[in-house]
Participant: 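Sharing a structure, written as structure tokens. Questions coming.
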Amino acid sequence: MSSLTKFRFYETALEANRDKQILAENGINSFIANEQLIQSDWLLSQAVGGIQLQVFEEDLVKAGEILTDYQENEKFALEVEHTIENPEFDFVCPECGSNHIYKDDRATSFFGISLISSEKYICYYCENEFTHE
């Protein structure tokens, strides 16, 4: 009988569930461990090693290939325009000059609650991360 093995670790349940869904669409069974525990007390994340995505040992290599292919294809599937009409912000990326940028809230919010005001932005076009004052 095949046993489960730890495949990837995540900080958020959203990321783990996204990858679980991608694997399921490709015929790989996977399971998420520690999701409920960490969502109920996020301080335990370090102690238990984060949210774990587990797969069967015989699916380990194929699961890695599927998620790698997905991540590579996701970058190219967006086909982002360099300039967009009616941009959200009135400044451009200092690297490439694109106005197709978004504010990065990953490190500054917790369960949708903003902890500090972030001025970090990311360019859709060149993926440059920068700050704006």
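Side chains included, hydrogens not; waters and symmetry mates left out as well; all remaining heavy atoms used.
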Participant: Please work out whether the ring planes of Y124 and Y102 are parallel, tilted or perpendicular, with thresholds of 30° and 60°.
Facilitator: tilted
Participant: Which distance, rounded to the nearest 0.5 Å, do you find between the CZ of R8 and the CD1 of I32?
Facilitator: 13.0 Å
Participant: Working to the nearest 0.5 Å, report the span between CD of E58 and CD1 of I28.
Facilitator: 9.0 Å
Participant: Roughly how far apart are L53 CG and L67 CG, rounded to 0.5 Å?
Facilitator: 7.5 Å
Participant: Which atoms form the tightest heavy-atom contact between K62 and N26, and what is the distance?
Facilitator: NZ-O, 4.1 Å
Participant: If hydrophobic clusters are built from ILVMFWY residues whose side chains come within less than 4.5 Å, do F89 and V92 share one?
Facilitator: no
Participant: Working to the nearest 0.5 Å, report the span between SG of C126 and NE2 of H100.
Facilitator: 12.0 Å
Participant: Give a yes or no answer on whether the side chain of N34 reaches the backbone of Q52 with a donor-acceptor pair at less than 3.5 Å.
Facilitator: no
Participant: To check you understand the geometry: which heavy-atom pair defines the closest contact between C123 and F130, and what is its length?
Facilitator: N-CE2, 4.4 Å
Participant: Would you check if F7 and L60 make a side-chain contact, meaning some heavy-atom pair closer than 4.5 Å?
Facilitator: yes
Participant: What distance separates K103 NZ from H132 NE2, expressed to the nearest 0.5 Å?
Facilitator: 10.5 Å
Participant: Hey, what do you get for CD1 (I22) to OH (Y70), rounding to the nearest 0.5 Å?
Facilitator: 4.0 Å
Participant: Count the heavy atoms of every other residue, nucleotide or ligand shown that sit under 6.0 Å from CD of E11, and state whether that count exceeds 12.
Facilitator: no
Participant: Under a 4.5 Å cut-off applied to non-hydrogen side-chain atoms, are N128 and P94 in contact?
Facilitator: yes
Participant: If you measure only the distance, is there a donor-acceptor pair under 3.5 Å linking the side chains of Y10 and D19?
Facilitator: yes
Participant: Which pair of non-hydrogen atoms, one from A13 and one from E35, has the smallest distance, and what is that distance?
Facilitator: CB-OE2, 3.4 Å
Participant: Carefully, step by step, assess D59 and L23 under the rule side chain to side chain contact (heavy atoms under 4.5 Å, CB included).
Facilitator: CA-CA 10 Å; D59 294 331; L23 293 176; over 6 Å; no
